[in-house]
Amino acid sequence: MEREVRVRFAPSPTGPLHIGGVRTALYNYLLARKLGGKMLLRIEDTDQNRFVPGAEDYIRQSLEWCGIELDESPWNGGPHAPYRQSERKPMYLQYAQQLIDSGHAYYAFDTPEELDAMRARLTAAKVPNPQYNSITRAQMRNSLTLPAEEVKQLLESGAPYVIRLKVPRKEEVRFNDLIRGWVVVHSSSIDDKVLMKSDGMPTYHLANIVDDHLMEITHVIRGEEWLPSAPLHVLLYRYLGWEDTMPQFAHLPLLLKPDGTGKLSKRDGDRLGFPVFPLEWHGKDAETGAPTVSSGYRESGYLPEAFINFLAFLGWNPGSQQELFTMSELIEAFSIERVSKSPARFDQNKVRWYNEQYLRAKPDAELAQYLTESLQGQGVEMPTSKAEQIAALVKERATFPADLAREAQLFFQRPATYDEQVISKKWNAQVAGALKEFAGQLRATPDTSPDGIKALLTQVLETQGLKIGQVLQALRVAVTGAAAGPDLMHIMSILGAEETAERINQAVAQLPAA
RNA sequence: GGUCCGUUCGUCUAGGGGUUAGGACUGCAGAUUUUCAUUCUGCCAACAGGGGUUCGAUUCCCCUACGGACUACCA
């Protein structure tokens with residue numbers, strides 16, 4: 001019988017989620033929806049030292065903004081609650097115990113100093129791979145080397161201990177990665193990983209396997225940084241007796257820093273000149289504790305649809321020529337096999353391009369709504385119909401919503417200065433006279449559509465013996481102050497006859513007509 | 001150092017034993033726009049290197065180089 005597809009995104013609340021994490025969440029979500037399965041979110045907070053207040057809420061808000069919906073999570077519950085590992089703490093020890101009972105794990109009492117000394121000794125002896133393993137464990141203080149009686153005493157006396165996995169000395173561990181194919185690792189390169197820490201918390205490795213099993217996860221989609229520990233996880237499934245329901249693995253390629261090399265990290269933030277976080281993050285400097293702010297895509301004016309579309313294409317493509325995908329189209333087109341193996345770097349230009357595409361595709365009414373709200377902030381009121389006209393006119397010139405408001409300024413502010421280049425070249429007494437005449441007639445014309453205004457202008461200029469090319473730049477500067485901008489006829493039409501005429505007259509009065 | 005993963009235009013990528021190696025972003029040029037932007041058209045631009053296998057390799061195999069990840073009682 002086919003099992004229901006269940007995937008999980010399992011972030012650690014140690015700070016803001018960066019876009020690599022968002023992409024991992026996205027691919028999980030796409031696969032779940034594509035296959036009619038469930039998307040879970042589990043908080044992996046087994047390291048109490050790294051807990052960052054607000055991080056969990058940040059994760060929730062980020063996913064919400066992106067439109068990544070969760071079927072089960074700490075916030076909306078589910079059949080396998082709780083979904084925070086810290087709240088699942090009592091569940092893990094029994095599985096570690098099971099491994100000890102079956103001889104696949106053991107107690108270790110080594111102090112951090114003893115561990116350091118061991119590594120130093122191995123390094124000094126030029127051992128290629130210093131680790132706590134099948135060889136070195138014989139020299140350490142653990143339940144394999146200590147007499148049973150002493151182990152019992154230590155445990156009873158409350159001495160700190162960890163539980164380590166007893167990794168076999170010679171064994172090939174293999175698994176079939178959905179993206180990379182067969183990955184084979186020799187057990188000699190895996191060390192005896194700590195499963196239970198001395199504080200009673202499981203490590204990632206144990207908690208991850210136990211929870212994925214209990215939560216009936218079918219596909220583990222995570223970053224490539226987990227690839228080296230995947231064989232360890234396979235071993236864990238095997239020793240716990242869960243190999244037959246072990247999830248399939250898919251290790252995603254890394255997201256690289258746009259500059260230089262290396263994987264994108266949270267620290268890269270504003271150093272790169274563009275956000276690496278979905279939402280703005282208010283944090284603290286690790287050393288000084290001073291407040292820090294890292295910019296977010298949302299606050300920078302990116303539309304979530306554009307952000308998601310861009311992110312989806314960083315490491316995946318549908319194999320067609322289509323570039324623009326809504327979330328539901330992504331779901332339809334997604335398949336894990338089409339995720340690429342090689343890492344991807346950011347392209348700032350492309351995110352911007354995506355944003356422009358999505359911005360322009362928005363209905364004018366929606367853009368007008370934004371425009372109205374943002375101009376209200378500066379005390380400007382306008383009717384909806386006018387906002388829509390402006391939005392339609394300026395959206396081709398905008399990358400971000402904020403550009404709309406900026407471009408719209410000319411409608412609410414008369415020119416304070418006039419472009420000098422144009423004035424020196426195009427402004428003269430004859431032109432000024434013609435424009436004054438045009439302004440006068442404009443006030444009387446019944447047709448203030450862009451075409452109507454153009455017709456009127458042509459007609460006035462004809463009587464003045466001027467060609468349109470001789471005055472249009474001057475007219476633009478008279479009306480807007482600037483040498484460049486949206487179509488002038490539309491500007492004048494939206495401005496209305498009265499306002500346009502007044503602006504022209506103001507320019508004629510102020511500019512010396514040599 | 002060790003283990004593992006990777007390598008097609010500047011970037012994201014398609015492709016795959018015989019192709020003019022395709023698209024998108026950027027850049028450049030032209031057209032339209034009396035302007036800037038948009039739009040349209042065109043151009044520049046890639047199979048890391050060396051060995052095999054083969055009639056033929058960018059495609060399959062090996063090696064090298066380069067890049068990356070991991071190498072904690074962090075996830």
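Only a predicted model underlies this, so the values are computations on that prediction, with no experimental measurement involved. Proteins come first, then strands; the chains are lettered A, B, ... in the order of their sequence lines, and each starts at number 1.
- Within residues 477-493 of chain A, the residues that place at least one heavy atom under 4.0 Å from RNA chain B are, in residue-number order, A:A483, A:A484, A:G485, A:P486, A:D487.
- Following rounding to the nearest Å, A:N317 (CG) and B:rU13 (P) show an atom-to-atom distance of 8 Å.
- When the C1' atom is used for both B:rA45 and B:rU11, the distance is 12 Å, rounded to whole Å.
- A sub-4.0 Å separation between OP1 or OP2 of B:rG15 and a side-chain N or O of A:R338 is present.
- In this structure, A:R164 reaches the B:rC73 phosphate: one of its side-chain N or O atoms is under 4.0 Å from OP1 or OP2.
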Should A:F346 and A:F274 be marked as a ring pair (Phe, Tyr, Trp, His ring centres under 6.0 Å) after you check the CA-CA gap, both sets of side-chain angles, and the distance that decides it? CA-CA 10 Å; A:F346 263 72; A:F274 69 99; 5.6 Å; yes
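- As the counterpart of B:rU33, no nucleotide is assigned, since no Watson-Crick or G-U wobble pattern has both distances under 3.5 Å.
- In terms of the ring pair (Phe, Tyr, Trp, His ring centres under 6.0 Å) criterion, A:F438 has no residue partners (sequence neighbours excluded).
- Rounded to whole Å, the distance from CH2 on A:W353 to P on B:rA24 is 9 Å.
- Residue A:R352 is out of contact with every strand shown, counting any heavy-atom pair closer than 4.0 Å.
- Between A:L264 atom CG and B:rU11 atom P the separation is 17 Å, expressed in whole Å.
- Using a 4.0 Å heavy-atom criterion, one finds that A:F310 contacts no nucleic acid atom at all.
- At the heavy-atom level, A:Y204 lies under 4.0 Å from base atoms of the strands shown.
- Here the C1' atom of nucleotide B:rC25 and the CG atom of A:D347 are 5 Å apart, to the nearest Å.
- Using a 4.0 Å heavy-atom criterion, one finds that A:G223 contacts no nucleic acid atom at all.
- For A:T203 against B:rC73, a side-chain-to-base donor-acceptor contact under 3.5 Å is absent.
- In this structure, A:K263 does not reach the B:rG6 phosphate: none of its side-chain N or O atoms is under 4.0 Å from OP1 or OP2.
- We find that CG of A:L475 is positioned 15 Å from P of B:rU35, with the value rounded to whole Å.
- Judged by distance alone with a 3.5 Å cut-off, no donor-acceptor contact links the side chain of A:K193 to the base of B:rA72.
- Separating the C1' atom of B:rC9 from that of B:rC25 is a span of 12 Å, rounded to the nearest Å.
- One cannot find a donor-acceptor pair under 3.5 Å joining the base of B:rU38 and the side-chain atoms of A:R397.
- Going from the C1' atom of B:rA31 to that of B:rA46 covers 29 Å, rounded to whole Å.
- Using a 4.0 Å heavy-atom distance criterion, A:S229 is classed as making no nucleic acid contact.
- A donor-acceptor contact under 3.5 angstrom links the side-chain atoms of A:R50 to the base of B:rC74.
- For A:F307, the ring pair (Phe, Tyr, Trp, His ring centres under 6.0 Å) partners two or more places apart in sequence, or in a different chain, are A:W65, A:Y297.
- Atom NZ in A:K350 sits about 9 Å away from atom P in B:rU26, given to the nearest Å.
- Phosphate proximity of B:rC74 to A:K197: present, with a side-chain N or O under 4.0 Å from OP1 or OP2.
- Taking atom P on both B:rA48 and B:rG10, the two are 12 Å apart, rounded to the nearest angstrom.
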Before you tell me yes or no, could you show the steps for A:Y358 and A:Y302 under ring pair (Phe, Tyr, Trp, His ring centres under 6.0 Å), namely the whole-Å CA-CA distance, both residues' side-chain angles and the distance that decides it to 0.1 Å? CA-CA 9 Å; A:Y358 279 90; A:Y302 286 90; over 10 Å; no
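- Under the side-chain contact (heavy atoms from CB on, under 4.5 Å) criterion, A:K166 pairs with A:Y106, A:R137, A:L144, sequence neighbours left out.
- The side chain of A:R345 contributes no N or O atom lying less than 4.0 Å from OP1 or OP2 of B:rG10.
- Of the residues near RNA chain B, A:H186 and A:G469, the one whose nearest nucleotide (by heavy atom distance) lies more toward the 5' end is A:H186.
- Going from atom CG of A:N49 over to atom C1' of B:rA75 covers 12 Å, rounded to whole Å.
- Phosphate proximity of B:rU13 to A:S340: present, with a side-chain N or O under 4.0 Å from OP1 or OP2.
- For the OP1/OP2 pair of B:rU71 and a distance below 4.0 Å, the side-chain nitrogens and oxygens of A:N129 include no atom meeting the criterion.
- Residue A:L165 contributes atom CG, which lies 16 Å from atom P of B:rU71 at whole-angstrom precision.
- For A:S189 and B:rU71, the shortest distance from a side-chain N or O to OP1 or OP2 is not below 4.0 Å.
- Heavy atoms of A:D419 sit nowhere under 4.0 angstrom from any nucleic acid atom.
- With sequence neighbours excluded, the residues forming a salt bridge (Lys or Arg N to Asp or Glu O under 4.0 Å) with A:R174 are A:E172, listed by chain and number.
- One P atom belongs to B:rU64, the other to B:rG1, and the distance between them is 13 Å to the nearest Å.
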Can you name the atoms? Protein N/O to nucleotides 43-45 of chain B N/O, anything below 3.5 Å, with the distance.
none

